[in-house]
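On a predicted model such as this, the values are computed, not experimentally measured, just so you know. In each ligand, atom 1 is the first atom listed, and ligand 1 is the first ligand listed.
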Amino acid sequence: MSLEQTNTLEINIDRLWETLMVSASIGPGKSVGLSRLTLGEDDKAMRDQFVRWCKDASCQVTIDRVGNIFARREGREPTLAPVLIGSHLDTQIAGGKYDGILGVLSGLEVIRTLNDRGLETKRSIEVVCWTNEEGVRFQPPMMGAGAFSGVHDVDWVLSQLDEDGAVFGEELKRIGYAGPSDRDRKDIDAYFELHIEQGPILDEEGLHVGIVTGGFTSFGAQTVIKGEHAHSGPTPMEKRKDALVGAAIIIAKISEIGWAYAPEGRATCARIDVSPNKYGIIADHAEVTIDVRHPDSNLAAQMYQEAVELVAIASEKANVEIEIVKEWSFGDVDFDADLVDLIRATAVDLNVSHRFILSAAGHDAYHLSAIAPTAMIFTPCKDGISHNEAEHIEPGYTVSGVNVLLNAAVNRANA
Ligand SMILES: [Zn+2]
C-alpha cells in the first residue's frame, strides 16, 4: 500500500516517550540528566539498545568507519538515494536527556509509525546516529558527521586522543562500532534533523516548531600561554611571567566582547587548563579556548578579530607568550530552501504554530548541508536550558514537531 494522502500521519507519542525514558536510564548524570560520553561504556550500551530497536523495526543496520550508525527502511525503489533523519546519542558531561537523542529517536518513531500502518515510501528512509557530536571526550565536536561529509579525514579522526591518551579508533573497536567501510556521501536525497532549540525563543513565544533557516556564524580558537615557574612570595611583580594571569585577561575580555555585541552576539571561554595549578608556584602553562558567535557573519568575523587582538594585549600585560594553536569556524550555512518550504508547508497544513529561527548551537546538520539538501526542525525546551542536567521537555511540547518531521520526511521520500 502506498501513501495517497499527505500530512495525515501521526506518531505515537507515548511510544516515543517510553523510548526516550529508556535512553534516559543509560549513563545517568549526577542529578536528573545524562553523562554519556562518546565511546564509553554507556555510549556502547545506548548504541546496542538503539541497534536492537532498529532491528526490531526490520531496519537494515550498517556502521561506517567512524562508528556512525545507519538504520535503513527500504523503499519501493531501493536504488534511489534515501532520505536521512538523524542526530546524536552522546551527551555532554552534565547533559540533558533530549539534546540530540530526541532527533535520533524521533527518526526511529517515524519508521515505527510507517511500519504500524504498513506504508511504503518510494525512497528508502534511514535513521542515523552520528558519532561524537558533543566533542567532550574527543575534539572537535560534530566529528562523525564531519568525517562523513569529508570535512575531516577518516584516518585523522581515528587517530585522535582523549585527555587520558585513549585513541579514538581503538575505543571504537573496543565498543564494537568500528565499521568496515565508508559510506558513499553522495547517496543522500535529503537530510532532516529534529533537535530541541537549546534556547528560550520557542518556549517564550509559546510556539511548537522552529523552522531553522541556518546557523549563527561561530569562530573558535585554542590558545596556549607560556609563562615561567616562580615562587609566589619572593618573586617581584615585574619579574613574573604568569600564564594564569594571561589566561585570566583573555577570559575577562572575551566576556566584554560578548557584552559589546549583545544581545545577539555571544562570547565564551568554556575551558581553561592551567599547570602546575598548585599553591605557592606561579603557573608556567595555560590553555584557554575562545568561542564567539553572531547571526551576522560579518559581525561574527569582527568579534573574532577583536578576540585575536586580545592575544597581544594579554601577552604584554602578563609578560607571557601566547599562541593560537588551533582555529575553527562553523554555522555560516543556509539550509536548503526547498526543504525549508516543505517543513513550513507541512506545519501550516498540520496547523502547528511555528516561526523561522536561526540556530546558535553547532549541529551535525551543518556538515550535512555541505553535501546534501538539509534542514532542521526545532522543538521547545523549558526556559531554553540545555547542556545542563535540568534540560526539560514534555510530550505536549514535542509531539507537533515530530509530526511535522514525519509528514515532511515521508512527502520528500515519495516525491
Ligand atoms: Zn545536540
Side-chain angles (χ1 to χ4, degrees), residues 20 23-24 26-27 29 33-40 42-43 46-47 50 66-69 84-108 127-149 191-203 209-210 212 214-216 218 220 266 268 270 291 293 328 330-331 333 335 357-369 374-393 397-398 401-402 405:
L20 277 166
S23 157
I26 301 173
L34 288 173
S35 185
R36 195 159 70 207
L37 303 194
T38 295
L39 311 192
D42 296 322
D43 187 21
M46 184 63 225
R47 285 165 174 265
F50 174 62
V66 296
N68 296 319
I69 304 171
L84 266 55
I85 304 171
S87 197
H88 58 97
L89 293 171
D90 67 320
T91 77
Q92 272 290 331
I93 195 152
K97 301 187 283 287
Y98 312 104
D99 171 0
I101 299 157
L102 179 64
V104 178
L105 300 184
S106 291
L108 177 63
V127 184
V128 192
C129 163
W130 303 109
T131 299
N132 190 26
E133 193 276 343
E134 295 290 2
V136 180
R137 195 177 158 205
F138 296 94
Q139 287 78 45
M142 300 170 272
M143 203 185 224
F148 177 80
S149 56
Y191 175 71
F192 290 91
E193 181 165 347
L194 180 142
H195 205 286
I196 57 166
E197 181 200 339
Q198 303 181 282
I201 297 170
L202 296 176
D203 188 32
V209 158
V212 189
F216 276 44
S218 304
R266 320 275 155 83
T268 315
D291 175 333
R293 307 184 188 205
W328 58 89
F330 62 82
V333 301
F335 286 134
I357 197 164
L358 283 174
S359 170
H363 292 293
D364 296 310
Y366 293 172
H367 284 316
L368 270 293
S369 72
T374 293
M376 291 190 77
I377 296 167
F378 275 174
T379 53
C381 56
K382 193 165 188 304
D383 299 327
I385 293 169
S386 185
H387 286 193
N388 181 323
E389 292 197 33
E391 186 182 273
H392 180 76
I393 67 174
Y397 296 9
T398 309
V402 188
L405 171 72

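For D99, the N, O or S atom with the smallest separation from the Zn ion (ligand 1) is OD1. Nearest N/O/S atom of H88 relative to the Zn ion (ligand 1): this is NE2.
In this structure, a donor-acceptor pair under 3.5 Å is absent between the side chains of D364 and H88.
Using a cut-off of 2.8 Å, one finds that H363 contributes no N/O/S atom close to the Zn ion (ligand 1). Here D364 fails the criterion, with no N, O or S atom under 2.8 Å of the Zn ion (ligand 1).
Closest approach of L105 and S23 over heavy atoms only: CD1-CB, 4.1 Å. Smallest separation of non-hydrogen atoms from A360 and R293: O-NH1, 2.8 Å.
Panel note: side chain T131, backbone V66; a donor-acceptor pair is recorded below 3.5 Å.
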